[in-house]
Amino acid sequence: MTTRILTGITTTGTPHLGNYAGAIRPAIVASRQSDADSFYFLADYHALIKCDDPLRIQRSRLEIAATWLASGLDVERVTFYRQSDIPEIPELTWLLTCVAAKGLLNRAHAYKASVDKNVETGEDPDAGISMGLYSYPVLMAADILMFNAHKVPVGRDQIQHVEMARDIGQRFNHLFGQGKEFFVMPEALIEESVATLPGLDGRKMSKSYDNTIPLFTSAKDMKSAISRIVTDSRAPGEAKDPDDSHLFTLFQAFATPGQAAEFREQLLQGLGWGEAKQRLFTLLDAELGEARERYHGLVERPADLEDILLAGAVKARKVASPFLEQLREAVGLRSFRTQVQVASGSQKKASKGPRFVSFRETDGSFRFRLLAADGEQLLLSRGFADGKAAGAVSKQLQQGGELDVRVEGQGFSVWLAGDCVADGPAFADAAARDAAVEALRLALQPEAQ
Ligand code: TRP
């Protein structure tokens, strides 16, 4: 069984060393595990909630995309995309908005913090609060539920959002699933072992404290930030305490155990802080120099980055688009064509029997599925140029008669007048396949419909 891992990165800033050690590096390592199916995306719709500076949004998306790729993310292995390239996300957000309880969203920490701040300063409680901020957790639930993620690596501040995704998903399952679970229940993944890096002043490295060390901008920037790391005032020759030095903590996060032990020893022996900073720079430059080169290569070719992300979006939409089709179907946003078919039989019987569901692919072609009464897929049609052609084929199948089924390997296909019009699913063995062909024949008998 593969585990689907999904996480989003809000595109409002430039990645720093803390983001690298705390999120990027562990995510890339996790994506290399053989049972991982990773989805990583730029949460640029979320960025709009926090930032109304278009240039900053634009720059940050590019920098974050280039950072992940330069750091070794393999886009063949993982699905890497921009949230805003997936129109199914806002569509699902609406379906979920219609089942999310307002009371649930009232309790979201981020929204409550803004209200509390307003109240404290004597403002109207809703001052400066957009619907985007209020609905933030629903958009995030759509990100997660769209791809049925099992594990969602996030920081502690996001645990509540993942829990809300579970709540909302569960409610949707309950209301529309008819016994079927549309959505997998996601779990937040908090990596205890992952380094939270201290910043220049020793507090957690964070843009909001203005204490970050830049990651890939330039060696010079990195060097000048390192020179500003706060240390105690011990002179060269005096013993330093590595366990009370965030410079040492930073070093350790990028060093081998051997290098860290050596550095510790040198500090104890009285290495000067100036020299120690130089050692840290040398280490970081050796660890990150090549990736920095790749980063600048990528940023200079934004058209190539665009292609990579669009290819990622195609990959993601292959999952999202048919799934959303099922969800639309579940809530009643159904094609009139299938409704006509339902109405032509006896209403009561038809709703219990197998049904045809037609939909449109992202490439514009028309297809249909035949679903058994329990929702199991019996057939998936080939793509047709127009809805009429697809409708004619499903109608012909529905009329029964001798079915031309051709078995091939563990699968089968259905033919009409010399053309292959639809395929069955792939099966583990021939017996399962034959049972499915039998189920298909039964489903297409007039009395089943
Ligand atoms: N809200 C997350 C953050 O600020 C980013 C995010 C958006 C996200 N959608 C997500 C994280 C889905 C995990 C899953 O960190």
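All ligand and atom numbering here is 1-based and tracks the order in the structure.
Ranking protein heavy atoms by distance to atom 2 (C) of ligand 1, first place goes to Q158 OE1, 3.3 Å. Ranking protein heavy atoms by distance to atom 7 (C) of ligand 1, first place goes to H46 ND1, 3.3 Å. Remark: minimum distance from atom 9 (N) of ligand 1 to any protein heavy atom is reached at D143 OD2, 2.7 Å.
Neither the backbone nor the side chain of D157 has any atom closer than 4.0 Å to an atom of ligand 1 (non-hydrogen atoms only). Of the heavy atoms in F41, only side-chain atoms (C-beta onward) come closer than 4.0 Å to ligand 1.
Look at E329 and R355 and you find a salt bridge, because one of the NZ, NE, NH1 or NH2 atoms lies within 4.0 Å of a carboxylate O, short of that distance. In this structure, D243 pairs ionically with R264, as a charged nitrogen and a carboxylate oxygen lie closer than 4.0 Å.
Listed by number with element, the atoms of ligand 1 under 4.0 angstrom from any heavy atom of T7 are 11 (C), 13 (C). Close contacts of ligand 1 with V154, meaning ligand atoms under 4.0 Å from a residue heavy atom, involve 11 (C), 13 (C). Proximity to A43 (heavy-atom distance under 4.0 Å) selects the following atoms of ligand 1: 7 (C). Atom numbering of ligand 1 starts at 1 in the shown order; those under 4.0 Å from a heavy atom of V152 are 13 (C), 14 (C).
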Given F182 and F176, is the ring-ring contact (aromatic ring centres under 6.0 Å, His included) satisfied, shown in steps? CA-CA 9 Å; F182 280 115; F176 301 111; 8.3 Å; no
I'd like to know whether N19 forms a side-chain contact (heavy atoms from CB on, under 4.5 Å) with L215, so could you lay out the CA-CA distance, the side-chain angles of the two residues, the decisive distance to 0.1 Å, and finally the verdict. CA-CA 9 Å; N19 301 133; L215 180 59; over 6 Å; no
Going through the checks in order, is the salt bridge (Lys or Arg N to Asp or Glu O under 4.0 Å) test met by E325 and R367? CA-CA 11 Å; E325 207 52 56; R367 290 200 196 219; over 6 Å; no
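Counting non-hydrogen atoms of neighbouring residues, nucleotides and ligands closer than 6.0 angstrom, the CG atom of D429 exceeds 12 such neighbours. Annotation: E293, atom CD; neighbour count of heavy atoms from other residues, nucleotides and ligands within 6.0 Å does not exceed 12.
Considering backbone and side-chain N/O atoms, Y136 comes within less than 3.5 Å of an N/O atom of ligand 1. Checking only distances, Q83 never comes within under 3.5 Å of ligand 1, N or O to N or O.
When P186, G8, A165, A110 are ranked by how near their heavy atoms come to atom 11 (C) of ligand 1, first place goes to G8.
Cation-pi geometry between R317 and Y81 is not met at under 6.0 angstrom from the ring centre and within 45 degrees of the axis.
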